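Report on the structure given below.
Please read all numbers here as calculations on a predicted model, not as lab measurements. The sequence lines fix the lettering, A, B, ..., with proteins before strands; numbering per chain opens at 1.
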2 protein chains.
Amino acid sequence: MIASRDTPDQGFSPCVSRRDPVPGPDGAPRRLHPPIAVLEYLGYIVAESEWPFEEALATPREGNGGGRAGDHGSRGPVRSRRRADLDRDGSRPIRLPRMKDIAAVVGVSQSTVSRVLNNKSVIPITAETRERVLAAAARLGYRPNPAARALRGARTMLIGAVVRDITDPFFAAAIEALCVVARDHGYNVVLGHAHGSAEEAMALATVLESRHCDAILLMGDMRDQPRLIEDLGNVQLPVVALWQGTRLPRIPSVDVDNRRAIWAGVDHLVELGHTRIAFVGGSRGHGDKRQREASFRARMRQLGLVVPEGYLRHVPNTPAGGGSALRALMELEPAPTAVIAATDVMAIGILHAAAEVGIGVPRDLSVIGFDDQPLAAYAVPPLTTLRMPTVPMVLAAFQMAIDAVEKGAARTVSRQVFQATLIERRSTAPPR
Amino acid sequence: MIASRDTPDQGFSPCVSRRDPVPGPDGAPRRLHPPIAVLEYLGYIVAESEWPFEEALATPREGNGGGRAGDHGSRGPVRSRRRADLDRDGSRPIRLPRMKDIAAVVGVSQSTVSRVLNNKSVIPITAETRERVLAAAARLGYRPNPAARALRGARTMLIGAVVRDITDPFFAAAIEALCVVARDHGYNVVLGHAHGSAEEAMALATVLESRHCDAILLMGDMRDQPRLIEDLGNVQLPVVALWQGTRLPRIPSVDVDNRRAIWAGVDHLVELGHTRIAFVGGSRGHGDKRQREASFRARMRQLGLVVPEGYLRHVPNTPAGGGSALRALMELEPAPTAVIAATDVMAIGILHAAAEVGIGVPRDLSVIGFDDQPLAAYAVPPLTTLRMPTVPMVLAAFQMAIDAVEKGAARTVSRQVFQATLIERRSTAPPR
DNA sequence: TTGTATGCGTTATCAC
DNA sequence: GTGATAACGCATACAA
């Protein structure tokens, strides 16, 4: 699906009805989109089909912007703009006001303006001067230049988020949370993603090299990108890792207790009476998923339950992957009566595939997910899952990062582990 | 769901099993999370429950970081760090190398280093000098200081994305796309969100005021945040608006052709034989959704079909909203045989609620969504929907923005309109 | 209480 | 070909 949803529409015509292309068995490698070049087929863009009751307007249509703007290296040339301070070469270069401008207007020195504007100065300032400066600043619409501040060593109020795969809805939610948390603290979020393992280094290099961030959050396991981890160890910024599964060498981290969570899931099924329980894990063995699988096996062994050959599936972390796992599981003899998926995404794929094949959930098969994504509660049937305390975890990681920034202290390598919660919905029931 | 999923767990104990709190009828206002303060209940964090086979380690546990770091205004104080250049106060302040440092090592002047490093200099440089400079730079691990470059007027290679509501999976997907596209062009994405309409101004103010971005993408309709729009109009940066529904005064935009899309949806249903067709739109009348509803009414009128009182529902753009709309619709007499939802999110809620109530889709009711979110294909049943060409649209918007940045030209107010595609899956069928 | 001067790290414009 | 030097916008030590 994800793989298919942006397939360029060959022979496209507006609003043509078409069937969904087959998702390719077993979830083809998920790409968000085909190479940029492919996207630039023109067919997609369409004339200015104006809204009927909108005023006809005289704005000329533009070309569709198809032609790439040439390849400027990532370190673009520095056009020294302005220098046309005089503002008479048309209209544009009306620069943003600087402190100097305010000073000129008010008739004081630039340093006075500075002192007024960040009124943390120990030095007292005449009420009147302050008043006039503030007024002028407001009138001119003054905004501090962050570059200049940064140059002086100030914080940039940017926090970098390096995400393993932004395509994953779970991380999307995490990003949301981070945005909110960061904003509440006056920070903005800069997004980087590790994008497969191909461009790995590059991925965060972009975020790091241009290290205008005050700190970096590493979201999701990236141990298949060893250079990244190493680089991060050497970076001068505070780095906090989220959802690594296991501890990283020298990096403070925030993790979920996969073991206890999975135990709760297994125990829940066992209490319902299940004994033939399967597990669907990720194919690439990322940290969290690997831990979850190991926990599953350990708990099953503890309970004296055997996990037959074939009950452990490794598929891509997509709905399609979950679907293919389900089909494989149901061909086994005996088939499992319950399955735990390492993520909700796969669990939703299982639900979908079960419905397709005619397997009733939870009548014929109980399903447990992991994460409690927003849509899990609205799956059909509503998905029993292990709720990840995403927001508290993100908050904790953010706090750790910011503390490090503010205290500036040596990097303390700490770790916080959060507990997941079993949310019982209706995808689990006693076996028939 | 979304409303409920971050409800703080009262009386929390690890991995306790609990039932899903009811989502509150008609989808309560969606908040990603309760106020930060509420999140700081301690119960969540848990001891270092180490992974069994991990080495026991001696890192001391930290407190849970619960105490807020005090309220520093968004314009934090500027501690001039370093000044401890000498590197003997412990270990940390090993500053990143500057050009000056390279120059010192190589024994040339700093300007020479600069010329070598951005080898766009017209002036030729001795091969040997260049060699040595590059070598030294590599050895020292030199990274250009973006703040300094920015101060000189260089681009920051940051693009700001102001999103109406990051919680919405649709926008999450859009952000993903933007990240990829931006990265391919050497840009990074700074996320801002308009967060309800409460802190509206603040929301983007953070992104804008600290205008370290080269351009801004406005994703989703924000006309309920008038000051934002106005501010944007006055901002010195290129601004491109996505999914506004209707044209914005002075801002170039990229939109989807809601009219043709909805027509395709209606026609599809009519061709299947439906005549009693309902429409579920957003409650706050945001641009796109409003257009879709208007288009629906227009098309129905054109086809000579009546839309009875009550067939137009306005609910929050959540699964819960869709569910409540469905329940209301099915109580009507006669009940509709098909429904078009203004977004997939609502459509998925409809699917969910239908299953709960025992209404077969598509047997008793056909459902059409809008967007083709990743999970739409994996709904039960797979959702027929109108596919938004998200990636091409984001790409187009990005191109428009970057073109404006690079050409630096006066802001051309253009507009591009993309076509959606009807994707037939299995949530639609002839009426019984 | 305010003004002057200096430096942050780069790039660009001069001299040499 | 290369080196000194002047901005860039802001914060601050120091002089007045």
Taking CE from A:Met99 and P from D:dT12, how many angstroms apart are they, rounded to a whole number? 10 Å

Hey, is the side chain of B:Arg149 poking within less than 4.0 Å of OP1 or OP2 on C:dT11, counting only N and O atoms? yes

A:Thr112 side chain N/O closer than 4.0 Å to the phosphate oxygens (OP1, OP2) of C:dG3? yes

Taken to the nearest whole Å, CG/A:Asn118 to P/D:dC10 is 10 Å

Distance from B:Leu191 atom CG to B:Leu178 atom CG, nearest 0.5 Å? 8.5 Å

Quickly work out the A:Arg143 CZ to D:dC8 P distance and round it to whole Å. 22 Å

Is A:Arg149 close to A:Thr156 at the side-chain level, that is, under 4.5 Å between some pair of heavy atoms? no

Identify, between B:Thr129 and B:Ala148, the residue whose nearest nucleotide on DNA chain D lies closer to the 5' end. B:Thr129

Respond yes when some side-chain nitrogen or oxygen of B:Ser114 is under 4.0 Å from OP1 or OP2 of C:dT11, and no when none is. yes

May I have the distance from A:Leu117 (atom CG) to C:dT2 (atom P), rounded to whole angstrom? 14 Å

Just the rounded figure in Å: distance from P of C:dC8 to CG of B:Asp101. 11 Å

From the options C:dT10, D:dC10, D:dG9, select the nucleotide whose nearest atom is closest to the side chain of B:Leu151. D:dG9

Measure from CZ on A:Arg115 to P on C:dT4 and round the result to the nearest Å. 11 Å

Residue-phosphate contact under 4.0 Å: A:Thr126 side-chain N/O, C:dT1 OP1/OP2: no

Candidates D:dG3, C:dT4, C:dT10 - which lies nearest the side chain of A:Ser111: C:dT4

Would you mind reading off the distance between A:Tyr142 atom OH and D:dG9 atom P, rounded to a whole angstrom? 10 Å

Got a second to check how far B:Ile251's CD1 is from B:Met400's CE, nearest 0.5 Å? 11.0 Å

Is any side-chain N or O of B:Asn145 closer than 4.0 Å to OP1 or OP2 of C:dC8? no

Taking atom P of C:dT10 as reference, at what distance in whole Å does atom CZ of A:Arg152 sit? 16 Å

Rounded distance (nearest 0.5 Å) linking atom OH of B:Tyr142 with atom CG of B:Asp101: 10.0 Å

Distance from A:Leu117 atom CG to A:Arg130 atom CZ, nearest 0.5 Å? 9.5 Å

